[in-house]
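Model, not experiment: these values are computed from the prediction. One is the number of the first residue; the rest follow in order along the sequence.
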Amino acid sequence: MKIAIGTDHGGLELKAILIEALSSIATVIDMGPNEKKSCDYPDFAGAVARKVSSGEVDFGILICRTGIGMSIAANRFQNVRAGLCHTTETAVLTRQHNGSNVLCLGADIVSSEYAVEIAKTFISTPVDADQRHARRRAKLERAARLSDCSGLAAYDSEIYEAIVDQTTQEDEEINLIASENFSSRACREAAGSVLMNKYAEGYPAKRWYSGCGPVDKVESLAIERAKALFGAEHANVQPHCGSAANMAVYFACLKPGETILSLSLDQGGHLSHGSSVNFSGKLYNIVPYFVDKKTETLDYDELEKKALEIKPKILLSGASAYPRAIDFKRIREICDKVGAIMMVDMAHIAGLVAGGAHESPVPYADFVTTTTHKTLRGPRGGLVLCKEKWAKALDSAVFPGMQGGPLENIIAAKAICFKEAMSDDFKAYAAQVVKNCRVLCETIKARGYRIVSGGTDNHLFLVDVKEKGLTGKDAAAALDAAGIVVNKNAIPYDTESPFKTSGIRIGTASVTTRGMKEGEMIKIGTMIADVLDCIADDKIIARVKAEAKALVSAFPVP
């Protein structure tokens, strides 16, 4: 057992007594001060609290004349629960009920002998596993979702109110947007950190600005973790978003007007894969390929035939609304036959790839782009992985080719999400995303709704609502009113306009992050079908909304 202890000038004597008394049962780390000279208690509270917060020690003990100032200062740190105790009874209760890990003592309130007794009681009392107390402790941590930005309430109430609204919406609704997820508190903290203050044009050890030592460490960590996570030869972590990541690849190996063969937008592709309203469609010659009309899946023989005919400079695979596994090995074979650069946009499935729930394109592709949110569960941003032979061209395309200073705070959050994705917990999450998606898909299918391609192999699926006389727009609006968030989406060979669509897209990443499993998917699928069966019935919508709110209350957002 390790204990960190600190005081101000008013508790020096008691600190010495406690160190002597506890040293026989624990390793006690003296955080100061060592002389009776007036000092500021927050400095020593912070020193001890950082040790506890980081997990370096099991407990902290803080002393001032009353213990009040120390407890206030220590409780500003994440993972710290500082309890002010003047009796052994309160020491027992704050450990059992609150899970306190820092004991605060008032040197003028309790005798030295009794302080020793209180301290020994505190560190020997286990945390109560009773459900009531566990639930309340969890709510202490949940409060951090707003406590992180609570200062805005006074400084900018309008922004604070919008953040409260977003937090409430996340807490109370079932989010099935396939491109959305919930990042960890660690990611959010890094994204909001002082790293945003630093200009860092260039790359680690090759910056245009001085003073980049700390951010060089951050970016180097992000690069090495990305390479390790995906088994890549080279990684560029600077792109601000997925579209920027795609742009970087185009700039690295294409001239304006050269040909890209990519999945058509209305069949599941992405704007940055060649839409006429996007930079990609304006700068390059885009030739689309399509899914098979009958199976609504990729026909690799047809793709090969088209590639041989077109001879594209880049053959681009990956999609934003394709529910089936992609055969990257087969696509590599096609690229080799036609002499095309193989580029994969795995933005949607990156978390599944990282967690081993989908085959990785990295061994096959020249370039792999992705976002770092979606199934990967990190901050909003982009990433490019490539073979070493393309490294110099890629890095030059990102900077100075298309971006200036990178967002080092977001890069830090990317590094954290890469670390999280290496864990066994993440692998279990990725596998559960796929299981959940299949169960949710089958539940809706069993209610008579046609599923595009007949099912799903990944984190999303498409429901054809037109067969039921609905549009995707109306279906999504009704579900939104019922507390279930999806998005309208075109289906292959859609006859409706992109503003109405014939389908809706449903994904399971965010509900899986909340801890939901197959049982909850059956409930959610039933709710969705109930609403779509009676889209204009306000009573059913109100009933489902109440059911949805009750369901998510048991699965807090991280």
Going by atom types only, do Thr167 and Arg145 share a side-chain donor-acceptor pair under 3.5 Å?
no
Classify the side-chain pair Thr512/Asn436 by whether it contains a donor and acceptor separated by less than 3.5 Å.
yes
Can you measure from CG (Leu316) to CD1 (Ile286) and round to the nearest 0.5 angstrom?
8.5 Å
Quick check: are there more than 12 heavy atoms from other residues, nucleotides or ligands sitting under 6.0 Å from CD of Glu158?
no
Can a side-chain donor-acceptor contact be found between Asp494 and Ser502 if the only test is distance below 3.5 angstrom?
yes
Lys293 charged N/C atom sitting above Tyr493 aromatic ring, 6.0 Å / 45°
yes
Starting from the C-alpha separation in whole Å, work towards a yes-or-no answer on side chain to side chain contact (heavy atoms under 4.5 Å, CB included) for Ile522 and Val439.
CA-CA 7 Å; Ile522 293 171; Val439 171; 3.7 Å; yes
Take atom NZ in Lys419; do more than 12 heavy atoms of anything else shown fall under 6.0 Å from it?
no
Under the 3.5 angstrom rule, does the side chain of Thr456 hit a backbone N or O of Leu460 as a donor-acceptor pair?
yes
Decide, yes or no, whether a salt bridge links Arg330 with Asp301 under the criterion of side-chain N to carboxylate O below 4.0 Å.
yes
What is the minimum heavy-atom distance between Phe426 and Ala421, and which atoms define it?
CG-CA, 3.4 Å
With a 3.5 Å cut-off and no angle check, do the side chains of Asn246 and Thr369 form a donor-acceptor pair?
yes
Donor-acceptor pair, Asn409 side chain versus Ala191 backbone, under 3.5 Å?
yes
Could you go step by step and tell me if Lys306 and Glu302 meet the salt bridge (Lys or Arg N to Asp or Glu O under 4.0 Å) rule?
CA-CA 6 Å; Lys306 191 152 198 173; Glu302 280 299 312; over 6 Å; no
Between Lys389 and Asp366, does the side chain to side chain contact (heavy atoms under 4.5 Å, CB included) criterion hold? Intermediate values first, please.
CA-CA 9 Å; Lys389 70 175 183 178; Asp366 296 286; 4.1 Å; yes
Test log, rule side chain to side chain contact (heavy atoms under 4.5 Å, CB included), inputs Ile334 and Leu303:
CA-CA 8 Å; Ile334 295 170; Leu303 177 57; 4.1 Å; yes
Before accepting this row, confirm whether a basic side-chain N of the pair Lys255/Glu258 lies closer than 4.0 Å to the acidic partner's carboxylate O.
no
Is the closest basic N to carboxylate O distance between Glu408 and Arg207 below 4.0 Å?
yes
Take Glu201 and Gln403 through the side chain to side chain donor-acceptor pair (under 3.5 Å) test and state the conclusion after the steps.
CA-CA 9 Å; Glu201 289 182 334; Gln403 288 184 180; over 6 Å; no
Tell me whether Lys337 is salt-bridged to Glu333, with the criterion being a basic N under 4.0 Å from an acidic carboxylate O.
no
For residues 297-352, which residue pairs pass the ring-ring contact (aromatic ring centres under 6.0 Å, His included) check, not counting sequence neighbours?
Phe328-His358, His348-His459
For Tyr209 and Tyr199, take the angle between the two ring planes, folded into 0 to 90°, and tell me which bin it lands in: parallel under 30, tilted 30 to 60, perpendicular over 60.
parallel
Between Ser272 and Asn278, do the side chains contain an N or O donor and an N or O acceptor separated by less than 3.5 Å?
no
As a quick check of understanding, evaluate salt bridge (Lys or Arg N to Asp or Glu O under 4.0 Å) for Glu172 and Lys549, giving each step before the final call.
CA-CA 5 Å; Glu172 296 183 355; Lys549 186 175 179 180; 3.8 Å; yes
From Asn175 atom CG to Thr508 atom OG1, the distance as rounded to the nearest 0.5 Å
11.0 Å
Could you tell me whether the side chains of Gln432 and Glu518 share a donor-acceptor contact shorter than 3.5 Å?
yes
Out of curiosity, Lys414 NZ to Thr371 OG1, how far, rounded to the nearest 0.5 Å?
10.0 Å
Just by distance, no angles: are the side chains of Asp266 and Ser264 close enough, under 3.5 Å, to form a donor-acceptor pair?
yes
For side chain to side chain contact (heavy atoms under 4.5 Å, CB included), just list the numbers for Ser179 and Arg505, CA-CA rounded to whole Å, side-chain angles, deciding distance to a tenth of an Å, and then say yes or no.
CA-CA 10 Å; Ser179 53; Arg505 184 182 66 166; 3.4 Å; yes
Look at atom NZ of Lys468 and say whether more than 12 heavy atoms of other residues, nucleotides or ligands are closer to it than 6.0 Å.
yes
Which is it for Arg450 and Glu296 under the salt bridge (Lys or Arg N to Asp or Glu O under 4.0 Å) test, yes or no, and what are the steps along the way?
CA-CA 12 Å; Arg450 192 183 82 81; Glu296 296 174 310; 2.9 Å; yes
Decide yes or no on salt bridge (Lys or Arg N to Asp or Glu O under 4.0 Å) for Lys466 and Glu496, but give the supporting numbers first.
CA-CA 9 Å; Lys466 189 169 185 178; Glu496 290 287 350; 3.6 Å; yes
Under 3.5 Å, is there a donor-acceptor pair linking the side chains of Arg377 and Thr513?
yes
With the side chain counted from C-beta on, respond yes when Phe555 and Glu520 share a heavy-atom pair under 4.5 Å apart, and no when they do not.
yes
Gap between atom CE of Met343 and atom CG of Leu254 - 0.5 Å precision
9.0 Å
Is the number of heavy atoms from other residues, nucleotides or ligands under 6.0 Å of Lys473 NZ greater than 12?
no
Does a sphere of radius 6.0 Å around NZ in Lys545 hold more than 12 heavy atoms from other residues, nucleotides or ligands, not counting ones at 6.0 Å or beyond?
no
Can you check whether Ala153's main-chain N or O pairs, donor with acceptor, with Ser157's side chain at less than 3.5 Å?
no
As an exercise, state the distance from CD1 of Ile349 to CD1 of Ile326, rounded to the nearest 0.5 Å.
5.0 Å
Does a salt bridge link Glu309 with Lys305, judged by any charged N lying under 4.0 Å from a carboxylate O?
no
Distance from Asp345 atom CG to Ser317 atom OG, nearest 0.5 Å?
8.5 Å
Please verify the inter-ring angle class for Phe279 with Phe251; under 30° counts as parallel, over 60° as perpendicular, anything in between as tilted.
perpendicular
Hydrogens and angles aside, do Ser497 and Lys500 bring a side-chain donor and acceptor to less than 3.5 Å of each other?
no
